[in-house]
Amino acid sequence: MIESGEEMLKTLDGMFATSRSFARLNTLTMVTKIVMIGGSVRDHCLTMIVNFKRTDGHGIKFSHEVKVELFLQSLPEYFNQFKMNYNLNKMNLDFTQLMHEFESAERSLIKKRSAFFAAESSIKPKGEA
């Protein structure tokens, strides 16, 4: 039988320690292994920000630089030019600014792709009118 509040807290802590460890490991895995596959870069950024808040809540502290590096690594290859510019220019943006820069790069990439496909579809093989 539990005699005091302190003993009850120790008992509860023992019961839920495994759950906390699992949640912490799961959150750490999410933030280090997540990769953007389809969807908008804004949604991906918001997911990353939420995961960073979860790691903070579990006592896992990453520096801002490490968080930005994880952000950049999670982006698809078509953001490689942006990643290179970010690192070469030694940019230091907060997450909101970074998200806006990602969105701007994404819009630019979409325009370039659209122009490429429009130009490609206007080229007709020889013999077609």
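- A salt bridge links Asp56 with Lys67: the distance from a Lys NZ or Arg NE/NH1/NH2 to an Asp or Glu carboxylate oxygen falls below 4.0 Å.
- Of the inter-residue distances, the one linking Met30 atom CE with Phe52 atom CZ reads 11.5 Å to the nearest 0.5 angstrom.
- One distance of note links CZ of Phe102 with OH of Tyr86; it measures 7.5 Å at 0.5 Å rounding.
- Here Gln97 contributes atom CD and Asn92 contributes atom CG; the two are 8.5 Å apart, rounded to the nearest 0.5 Å.
- Formation of a donor-acceptor pair under 3.5 Å by the Thr32 side chain with backbone atoms of Leu28 is found in this model.
- The two residues Asn51 and Thr27 make their nearest non-hydrogen contact at O-CG2, 3.9 Å.
- Hydrophobic clustering, with ILVMFWY side chains joined whenever heavy atoms are under 4.5 angstrom apart, keeps Leu93 apart from Met84.
- Glu106 approaches Gly39 most closely through the heavy-atom pair OE2-O, 4.0 Å.
- For the atom pair Ile34 CD1 and Gln73 CD, the distance stands at 13.0 Å (nearest 0.5 Å).
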Report task. Start with the C-alpha distance between Asn87 and Leu72, add both sets of side-chain angles, then the distance that settles side chain to side chain contact (heavy atoms under 4.5 Å, CB included), and finish with yes or no. Result -> CA-CA 10 Å; Asn87 288 317; Leu72 293 173; 4.2 Å; yes
Requested in this report: I would like to know whether Asn80 and Phe82 meet side chain to side chain contact (heavy atoms under 4.5 Å, CB included); could you show each step before the answer?
Outcome: CA-CA 5 Å; Asn80 283 350; Phe82 176 87; over 6 Å; no
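- Both Ile60 and Val66 sit in one connected hydrophobic cluster of ILVMFWY residues. Membership requires side-chain heavy atoms under 4.5 Å apart, directly or through other members.
- Within 6.0 Å of atom NZ in Lys61, more than 12 heavy atoms from other residues, nucleotides or ligands are found, so the atom counts as buried in its surroundings.
- In this structure, the side chain of Asp94 engages the main chain of Thr96 through a donor-acceptor pair within 3.5 Å.
- For Asn85, the side chain to side chain donor-acceptor pair (under 3.5 Å) criterion is met by Gln81, not counting sequence neighbours.
- Atom-to-atom distance recorded for Asp43:CG and Met48:CE is 14.0 Å, nearest 0.5 angstrom.
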Report task. Start with the C-alpha distance between Leu75 and His44, add both sets of side-chain angles, then the distance that settles side chain to side chain contact (heavy atoms under 4.5 Å, CB included), and finish with yes or no. Result -> CA-CA 9 Å; Leu75 295 172; His44 177 69; 4.0 Å; yes
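- Ser74 has its side chain out of reach of Met36: every pair of non-hydrogen atoms, C-beta onward, lies at least 4.5 Å apart.
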Query raised in the report: Is there a side chain to side chain contact (heavy atoms under 4.5 Å, CB included) between Cys45 and Phe95 once you walk through the steps?
Result: CA-CA 8 Å; Cys45 288; Phe95 293 133; over 6 Å; no
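- Partners of Thr55 by side chain to side chain donor-acceptor pair (under 3.5 Å), not counting sequence neighbours: none found.
- Residues Leu46 and Met99 come closest through the heavy atom pair CD2-SD, 4.0 Å.
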